[in-house]
Amino acid sequence: MKKEVHIPYTIQSITELHALLKIPKPEHPLVSFVDLSKISCHFDDNLKSVVYSFYTVCIKKGFTGKMKYGQNFYDFDEGVMTFMSPGQVISTEVSVDTAVYGAMLVIHPDFIQNYALAKKIKEYGYFSYSVNEALHLSEKEQTMITGIMKNIEQEYCSSIDPFSQDVMVSHIELLLNYCNRFYNRQFITRKSANNTLLIKLENLLSDYFEGDKVQKFGLPTVVYISDELNVSPNYLSDMLRSLTGQSTQHHIHNKIIEKAKELLTTTSLSVSETAFQLGFEYPQSFNKLFKSKTNVSPLEFRSSFN
(Lines give C-alpha, C1' and ligand atoms only; values in the text may rest on other atoms or scores of the structure.)
Protein backbone atom coordinates (compact mmCIF):
# COMPACT_ATOMS: atom_id res chain seq x y z
CA MET A 1 0.00 0.00 0.00
CA LYS A 2 1.43 3.35 -1.07
CA LYS A 3 2.00 5.96 1.59
CA GLU A 4 -0.13 9.07 1.00
CA VAL A 5 2.00 12.03 0.01
CA HIS A 6 0.87 15.32 1.51
CA ILE A 7 1.31 18.23 -0.89
CA PRO A 8 1.97 21.55 0.92
CA TYR A 9 -0.72 24.18 0.50
CA THR A 10 0.59 27.36 -1.13
CA ILE A 11 -0.69 30.65 0.27
CA GLN A 12 -0.44 33.02 -2.68
CA SER A 13 -1.41 36.37 -1.19
CA ILE A 14 -1.49 38.23 2.12
CA THR A 15 -5.25 38.65 1.73
CA GLU A 16 -5.58 34.87 1.53
CA LEU A 17 -3.42 34.51 4.65
CA HIS A 18 -5.73 36.84 6.57
CA ALA A 19 -8.77 34.85 5.43
CA LEU A 20 -7.18 31.58 6.60
CA LEU A 21 -6.29 33.17 9.97
CA LYS A 22 -9.88 34.48 10.20
CA ILE A 23 -8.81 38.06 10.79
CA PRO A 24 -9.91 41.27 8.96
CA LYS A 25 -8.51 42.04 5.51
CA PRO A 26 -5.03 43.64 5.46
CA GLU A 27 -4.69 47.42 5.30
CA HIS A 28 -2.32 46.96 2.34
CA PRO A 29 -2.31 44.05 -0.17
CA LEU A 30 1.50 43.71 -0.09
CA VAL A 31 2.36 44.18 3.58
CA SER A 32 0.64 43.30 6.82
CA PHE A 33 1.10 43.50 10.58
CA VAL A 34 -0.64 40.74 12.53
CA ASP A 35 -1.25 40.67 16.29
CA LEU A 36 -0.69 36.97 17.09
CA SER A 37 -2.87 37.14 20.20
CA LYS A 38 -5.88 37.77 17.96
CA ILE A 39 -5.52 34.56 15.98
CA SER A 40 -6.45 31.09 17.15
CA CYS A 41 -4.26 28.04 16.58
CA HIS A 42 -6.53 25.79 14.57
CA PHE A 43 -6.20 22.18 13.56
CA ASP A 44 -7.01 22.16 9.84
CA ASP A 45 -5.25 19.08 8.43
CA ASN A 46 -4.95 20.80 5.03
CA LEU A 47 -2.80 23.54 6.58
CA LYS A 48 -0.34 21.37 8.50
CA SER A 49 2.14 21.95 5.70
CA VAL A 50 2.12 25.29 3.88
CA VAL A 51 4.27 27.37 1.57
CA TYR A 52 4.24 31.15 1.91
CA SER A 53 4.73 33.41 -1.12
CA PHE A 54 6.11 36.18 1.08
CA TYR A 55 8.57 36.98 3.87
CA THR A 56 7.49 36.75 7.51
CA VAL A 57 9.19 38.13 10.62
CA CYS A 58 7.69 36.90 13.89
CA ILE A 59 8.39 37.85 17.47
CA LYS A 60 6.75 35.39 19.84
CA LYS A 61 6.24 36.19 23.51
CA GLY A 62 4.46 34.33 26.30
CA PHE A 63 4.16 31.21 24.15
CA THR A 64 2.21 28.37 25.80
CA GLY A 65 1.88 24.82 24.56
CA LYS A 66 4.06 23.30 21.90
CA MET A 67 4.35 23.62 18.15
CA LYS A 68 5.76 20.95 15.91
CA TYR A 69 7.98 21.97 12.99
CA GLY A 70 8.95 19.06 10.78
CA GLN A 71 9.63 16.11 13.10
CA ASN A 72 10.38 18.03 16.29
CA PHE A 73 8.41 19.92 18.93
CA TYR A 74 9.79 23.26 20.08
CA ASP A 75 9.08 25.40 23.12
CA PHE A 76 9.50 29.13 22.61
CA ASP A 77 10.75 31.36 25.41
CA GLU A 78 10.10 35.06 25.86
CA GLY A 79 11.37 37.20 23.00
CA VAL A 80 12.03 34.63 20.31
CA MET A 81 12.17 35.66 16.65
CA THR A 82 11.68 33.45 13.61
CA PHE A 83 12.04 34.32 9.93
CA MET A 84 10.58 32.71 6.80
CA SER A 85 11.22 33.45 3.13
CA PRO A 86 9.05 32.82 0.05
CA GLY A 87 8.99 29.20 -1.05
CA GLN A 88 9.87 27.65 2.31
CA VAL A 89 7.76 24.67 3.34
CA ILE A 90 6.51 25.09 6.90
CA SER A 91 5.15 21.94 8.53
CA THR A 92 3.44 22.64 11.84
CA GLU A 93 1.41 20.76 14.39
CA VAL A 94 0.07 22.43 17.50
CA SER A 95 -0.96 20.95 20.84
CA VAL A 96 -4.46 21.63 22.19
CA ASP A 97 -3.27 24.13 24.82
CA THR A 98 -1.25 26.23 22.35
CA ALA A 99 -1.55 30.01 22.53
CA VAL A 100 0.72 32.47 20.76
CA TYR A 101 1.40 36.08 21.73
CA GLY A 102 3.47 38.60 19.83
CA ALA A 103 3.44 39.99 16.32
CA MET A 104 4.04 38.89 12.76
CA LEU A 105 5.22 41.18 9.98
CA VAL A 106 4.33 39.90 6.50
CA ILE A 107 6.12 41.36 3.46
CA HIS A 108 5.35 40.46 -0.13
CA PRO A 109 8.47 40.64 -2.38
CA ASP A 110 6.65 43.11 -4.64
CA PHE A 111 6.40 45.62 -1.78
CA ILE A 112 10.19 46.10 -1.73
CA GLN A 113 10.80 45.39 -5.42
CA ASN A 114 11.99 48.88 -6.38
CA TYR A 115 14.18 49.30 -3.29
CA ALA A 116 17.74 48.23 -2.49
CA LEU A 117 16.22 46.01 0.22
CA ALA A 118 14.87 43.67 -2.49
CA LYS A 119 18.45 42.51 -3.14
CA LYS A 120 19.76 42.95 0.40
CA ILE A 121 17.03 40.85 2.02
CA LYS A 122 18.38 37.81 0.17
CA GLU A 123 21.72 38.31 1.93
CA TYR A 124 20.18 37.89 5.38
CA GLY A 125 20.98 34.23 5.96
CA TYR A 126 18.57 33.90 8.89
CA PHE A 127 15.59 33.78 6.53
CA SER A 128 16.76 30.25 5.69
CA TYR A 129 17.49 29.10 9.25
CA SER A 130 15.50 26.28 10.80
CA VAL A 131 12.99 27.21 13.48
CA ASN A 132 15.17 25.58 16.17
CA GLU A 133 17.81 28.17 15.22
CA ALA A 134 15.52 31.02 16.24
CA LEU A 135 16.87 34.33 17.52
CA HIS A 136 16.66 34.56 21.31
CA LEU A 137 16.52 38.18 22.44
CA SER A 138 17.86 39.69 25.63
CA GLU A 139 15.49 42.00 27.51
CA LYS A 140 17.23 45.08 26.09
CA GLU A 141 17.15 43.68 22.54
CA GLN A 142 13.50 42.74 22.89
CA THR A 143 12.64 46.30 23.93
CA MET A 144 14.47 47.66 20.89
CA ILE A 145 12.84 45.22 18.44
CA THR A 146 9.40 45.80 19.95
CA GLY A 147 9.88 49.54 19.51
CA ILE A 148 10.68 49.17 15.80
CA MET A 149 7.77 46.78 15.33
CA LYS A 150 5.47 49.34 16.99
CA ASN A 151 6.66 52.00 14.54
CA ILE A 152 5.94 49.65 11.64
CA GLU A 153 2.49 48.87 13.06
CA GLN A 154 1.73 52.57 13.51
CA GLU A 155 2.74 53.32 9.92
CA TYR A 156 0.77 50.30 8.69
CA CYS A 157 -2.40 51.53 10.43
CA SER A 158 -1.99 55.14 9.24
CA SER A 159 -3.56 56.58 6.12
CA ILE A 160 -1.52 55.89 3.00
CA ASP A 161 0.31 58.89 1.51
CA PRO A 162 3.19 59.26 -1.03
CA PHE A 163 5.76 58.64 1.74
CA SER A 164 4.13 55.62 3.41
CA GLN A 165 5.98 52.93 1.48
CA ASP A 166 9.38 54.65 1.79
CA VAL A 167 8.96 55.02 5.56
CA MET A 168 7.80 51.41 6.03
CA VAL A 169 10.63 49.99 3.93
CA SER A 170 13.12 52.06 5.97
CA HIS A 171 11.69 50.67 9.23
CA ILE A 172 11.78 47.12 7.86
CA GLU A 173 15.41 47.47 6.77
CA LEU A 174 16.33 48.87 10.21
CA LEU A 175 14.56 45.91 11.87
CA LEU A 176 16.42 43.36 9.72
CA ASN A 177 19.79 45.04 10.32
CA TYR A 178 19.27 44.85 14.09
CA CYS A 179 18.27 41.18 13.78
CA ASN A 180 21.48 40.56 11.86
CA ARG A 181 23.49 42.20 14.66
CA PHE A 182 21.66 40.26 17.38
CA TYR A 183 22.20 36.95 15.58
CA ASN A 184 25.92 37.68 15.50
CA ARG A 185 25.74 38.33 19.25
CA GLN A 186 23.99 34.99 19.68
CA PHE A 187 26.78 33.18 17.83
CA ILE A 188 29.28 34.76 20.25
CA THR A 189 27.32 34.10 23.46
CA ARG A 190 26.79 30.49 22.43
CA LYS A 191 30.43 30.07 21.54
CA SER A 192 30.87 26.94 23.64
CA ALA A 193 28.08 25.09 21.83
CA ASN A 194 29.28 26.41 18.49
CA ASN A 195 32.86 25.28 19.19
CA THR A 196 31.47 21.79 19.81
CA LEU A 197 29.76 22.00 16.42
CA LEU A 198 33.05 23.09 14.84
CA ILE A 199 34.79 20.04 16.31
CA LYS A 200 32.02 17.81 14.95
CA LEU A 201 32.47 19.42 11.54
CA GLU A 202 36.21 18.73 11.53
CA ASN A 203 35.67 15.12 12.60
CA LEU A 204 32.94 14.65 9.99
CA LEU A 205 35.20 15.91 7.18
CA SER A 206 38.12 13.78 8.37
CA ASP A 207 35.97 10.65 8.48
CA TYR A 208 34.53 11.46 5.04
CA PHE A 209 37.93 11.64 3.35
CA GLU A 210 39.52 8.85 5.38
CA GLY A 211 36.69 6.43 4.62
CA ASP A 212 35.12 5.33 1.35
CA LYS A 213 32.39 7.98 1.15
CA VAL A 214 34.40 10.22 -1.15
CA GLN A 215 34.70 7.34 -3.63
CA LYS A 216 31.00 6.50 -3.39
CA PHE A 217 29.45 9.95 -3.32
CA GLY A 218 32.12 12.35 -4.58
CA LEU A 219 33.01 15.62 -2.89
CA PRO A 220 31.01 16.50 0.25
CA THR A 221 28.48 19.31 -0.17
CA VAL A 222 27.40 22.03 2.24
CA VAL A 223 23.90 20.49 2.31
CA TYR A 224 25.31 17.05 3.21
CA ILE A 225 27.45 18.52 6.01
CA SER A 226 24.62 20.58 7.48
CA ASP A 227 22.24 17.61 7.35
CA GLU A 228 24.76 15.45 9.20
CA LEU A 229 25.16 18.17 11.85
CA ASN A 230 21.38 18.76 12.08
CA VAL A 231 21.55 22.47 11.25
CA SER A 232 20.47 24.48 8.24
CA PRO A 233 23.13 25.31 5.59
CA ASN A 234 22.90 29.08 6.07
CA TYR A 235 23.00 28.89 9.86
CA LEU A 236 26.09 26.66 9.74
CA SER A 237 27.95 28.96 7.34
CA ASP A 238 27.04 32.11 9.29
CA MET A 239 28.03 30.47 12.58
CA LEU A 240 31.37 29.34 11.12
CA ARG A 241 32.06 32.83 9.76
CA SER A 242 31.53 34.28 13.24
CA LEU A 243 33.95 31.73 14.74
CA THR A 244 36.60 31.30 12.05
CA GLY A 245 35.91 33.93 9.39
CA GLN A 246 35.25 31.16 6.86
CA SER A 247 32.10 29.57 5.45
CA THR A 248 31.28 25.85 5.36
CA GLN A 249 32.50 25.66 1.75
CA HIS A 250 35.83 27.12 2.81
CA HIS A 251 36.18 24.47 5.50
CA ILE A 252 35.45 21.75 2.93
CA HIS A 253 38.06 23.22 0.58
CA ASN A 254 40.60 23.42 3.41
CA LYS A 255 40.13 19.74 4.17
CA ILE A 256 40.47 18.88 0.44
CA ILE A 257 43.76 20.81 0.21
CA GLU A 258 45.03 19.22 3.42
CA LYS A 259 44.26 15.74 2.09
CA ALA A 260 45.66 16.62 -1.36
CA LYS A 261 48.99 17.72 0.14
CA GLU A 262 49.16 14.46 2.05
CA LEU A 263 48.58 12.38 -1.10
CA LEU A 264 50.99 14.44 -3.20
CA THR A 265 53.80 14.04 -0.68
CA THR A 266 53.31 10.51 0.59
CA THR A 267 52.14 8.58 -2.49
CA SER A 268 53.23 8.14 -6.10
CA LEU A 269 49.74 8.85 -7.45
CA SER A 270 49.66 11.12 -10.47
CA VAL A 271 47.86 14.46 -10.20
CA SER A 272 44.89 13.00 -12.11
CA GLU A 273 44.77 9.95 -9.84
CA THR A 274 44.97 12.24 -6.79
CA ALA A 275 42.05 14.27 -8.13
CA PHE A 276 39.91 11.16 -8.59
CA GLN A 277 40.94 9.88 -5.16
CA LEU A 278 39.59 13.10 -3.66
CA GLY A 279 36.26 12.83 -5.48
CA PHE A 280 36.85 15.21 -8.38
CA GLU A 281 35.24 14.26 -11.66
CA TYR A 282 37.70 16.33 -13.67
CA PRO A 283 41.42 16.84 -12.80
CA GLN A 284 41.22 20.40 -14.15
CA SER A 285 38.80 21.32 -11.34
CA PHE A 286 41.24 19.94 -8.77
CA ASN A 287 44.16 21.84 -10.32
CA LYS A 288 42.19 25.09 -10.31
CA LEU A 289 41.13 24.75 -6.66
CA PHE A 290 44.61 23.73 -5.49
CA LYS A 291 46.30 26.65 -7.23
CA SER A 292 43.72 29.14 -5.96
CA LYS A 293 44.37 28.01 -2.38
CA THR A 294 48.16 27.52 -2.48
CA ASN A 295 49.32 29.75 -5.36
CA VAL A 296 51.12 26.76 -6.91
CA SER A 297 49.95 23.86 -9.05
CA PRO A 298 49.84 20.33 -7.58
CA LEU A 299 52.92 19.40 -9.64
CA GLU A 300 54.83 22.47 -8.48
CA PHE A 301 53.90 21.69 -4.87
CA ARG A 302 55.13 18.10 -5.21
CA SER A 303 58.39 19.25 -6.82
CA SER A 304 59.04 21.91 -4.16
CA PHE A 305 58.34 19.45 -1.38
CA ASN A 306 60.71 16.88 -2.83
Side-chain angles (χ1 to χ4, degrees), residues 17 21 23 32-42 47-50 52 54-86 88-107 121 124-153 171-194 197 226 229-236 238-239 242:
L17 174 67
L21 295 176
I23 55 178
S32 175
F33 190 92
V34 179
D35 183 346
L36 296 180
S37 66
K38 294 181 180 178
I39 65 174
S40 59
C41 294
H42 46 77
L47 298 177
K48 279 186 176 180
S49 185
V50 299
Y52 289 159
F54 29 76
Y55 295 96
T56 66
V57 177
C58 285
I59 178 166
K60 301 179 177 75
K61 298 179 289 184
F63 189 94
T64 59
K66 289 184 178 180
M67 188 170 286
K68 186 178 183 182
Y69 284 82
Q71 299 301 313
N72 301 306
F73 279 102
Y74 297 103
D75 294 302
F76 293 100
D77 300 321
E78 289 278 331
V80 171
M81 295 191 73
T82 56
F83 308 82
M84 300 291 174
S85 60
Q88 277 186 278
V89 179
I90 308 162
S91 300
T92 59
E93 197 174 305
V94 293
S95 56
V96 180
D97 60 338
T98 297
V100 187
Y101 304 94
M104 176 171 67
L105 177 63
V106 187
I107 312 153
I121 199 169
Y124 294 118
Y126 50 75
F127 274 104
S128 299
Y129 291 174
S130 298
V131 70
N132 58 315
E133 299 154 354
L135 174 59
H136 295 257
L137 300 171
S138 67
E139 189 174 334
K140 185 177 179 181
E141 291 168 350
Q142 185 175 324
T143 301
M144 191 173 291
I145 292 295
T146 302
I148 300 173
M149 292 285 268
K150 283 287 184 186
N151 289 338
I152 294 174
E153 180 184 18
H171 281 312
I172 292 168
E173 186 166 6
L174 179 64
L175 173 70
L176 298 181
N177 281 332
Y178 270 113
C179 292
N180 207 29
R181 169 190 273 184
F182 296 155
Y183 251 119
N184 193 60
R185 181 271 309 156
Q186 183 165 292
F187 288 139
I188 296 169
T189 55
R190 298 187 174 191
K191 196 168 184 178
S192 178
N194 290 337
L197 197 61
S226 58
L229 296 175
N230 295 314
V231 293
S232 64
N234 276 14
Y235 183 90
L236 179 60
D238 289 349
M239 182 275 292
S242 75

**Request:** To the nearest 0.5 angstrom, please state how far the CG atom of L197 sits from the CG atom of L236.
**Result:** 6.0 Å
**Prompt:** With side chains defined as the heavy atoms from C-beta onward, is the minimum distance between I107 and F54 less than 4.5 Å?
**Reply:** no
**Complete:** What one should report as the nearest heavy-atom pair of H136 and V80 is ND1-CG2, 3.7 Å
**Asked** Run the side-chain contact (heavy atoms from CB on, under 4.5 Å) check on Y101 and L36 step by step: do they pass?
**Response** CA-CA 5 Å; Y101 304 94; L36 296 180; 5.9 Å; no
**Asked** R181: what forms a salt bridge (charged side-chain N to carboxylate O under 4.0 Å, His left out) with it, not counting sequence neighbours?
**Response** none
**Request:** Could you grab the distance from atom CG of L137 to atom CE of M81, nearest 0.5 Å is fine?
**Result:** 6.0 Å
**Message:** List the residues meeting side-chain contact (heavy atoms from CB on, under 4.5 Å) with L174, not counting sequence neighbours, and say none if there are none.
**Reply:** I148, Y178
**Request:** Check the pair V57 / L176 against side-chain contact (heavy atoms from CB on, under 4.5 Å), numbers first and verdict last.
**Result:** CA-CA 9 Å; V57 177; L176 298 181; 4.1 Å; yes
**Contacts of C58 that satisfy side-chain contact (heavy atoms from CB on, under 4.5 Å) - sequence neighbours left out** = K60, T82, M104
**Message:** I need the L17 CG to S32 OG distance, nearest 0.5 Å.
**Reply:** 7.0 Å
**Item:** Pairing residues for Y124 by the side-chain hydrogen bond (donor to acceptor under 3.5 Å, both in side chains) criterion, not counting sequence neighbours
**Value:** N177
**Prompt:** Who pairs with S242 by side-chain hydrogen bond (donor to acceptor under 3.5 Å, both in side chains), at least two apart in sequence or on another chain?
**Reply:** none
**Complete:** CD (E139) and OG1 (T143) are apart, to the nearest 0.5 Å, by 6.0 Å
**Message:** Taking side-chain hydrogen bond (donor to acceptor under 3.5 Å, both in side chains) as the definition, give me every residue that meets it alongside S37, ordered by chain and number, with sequence neighbours left out.
**Reply:** D35
**Asked** With a 4.5 Å heavy-atom cut-off, do L175 and I145 have their side chains touching?
**Response** yes
**Prompt:** What's the spacing between I152 CD1 and I172 CD1 if we round to 0.5 Å?
**Reply:** 5.5 Å
**Prompt:** Looking at residues at least two apart in the chain, or sitting in another chain, which of them share a side-chain contact (heavy atoms from CB on, under 4.5 Å) with T146?
**Reply:** I59, K61, Q142, K150
**Fill in**
Which of Y52, Y126, F182 passes ring-ring contact (aromatic ring centres under 6.0 Å, His included) with F83? It is Y126
**Prompt:** Which residues pass the side-chain hydrogen bond (donor to acceptor under 3.5 Å, both in side chains) test with S232, sequence neighbours left out?
**Reply:** E133
**Prompt:** Atom OG in S85, atom CG in N234: separation rounded to 0.5 Å?
**Reply:** 9.0 Å
**Item:** Under the ring-ring contact (aromatic ring centres under 6.0 Å, His included) test, residues paired with Y55 that sit two or more places apart
**Value:** F127
**Item:** Set of ring-ring contact (aromatic ring centres under 6.0 Å, His included) partners for Y235, sequence neighbours left out
**Value:** Y129, F187
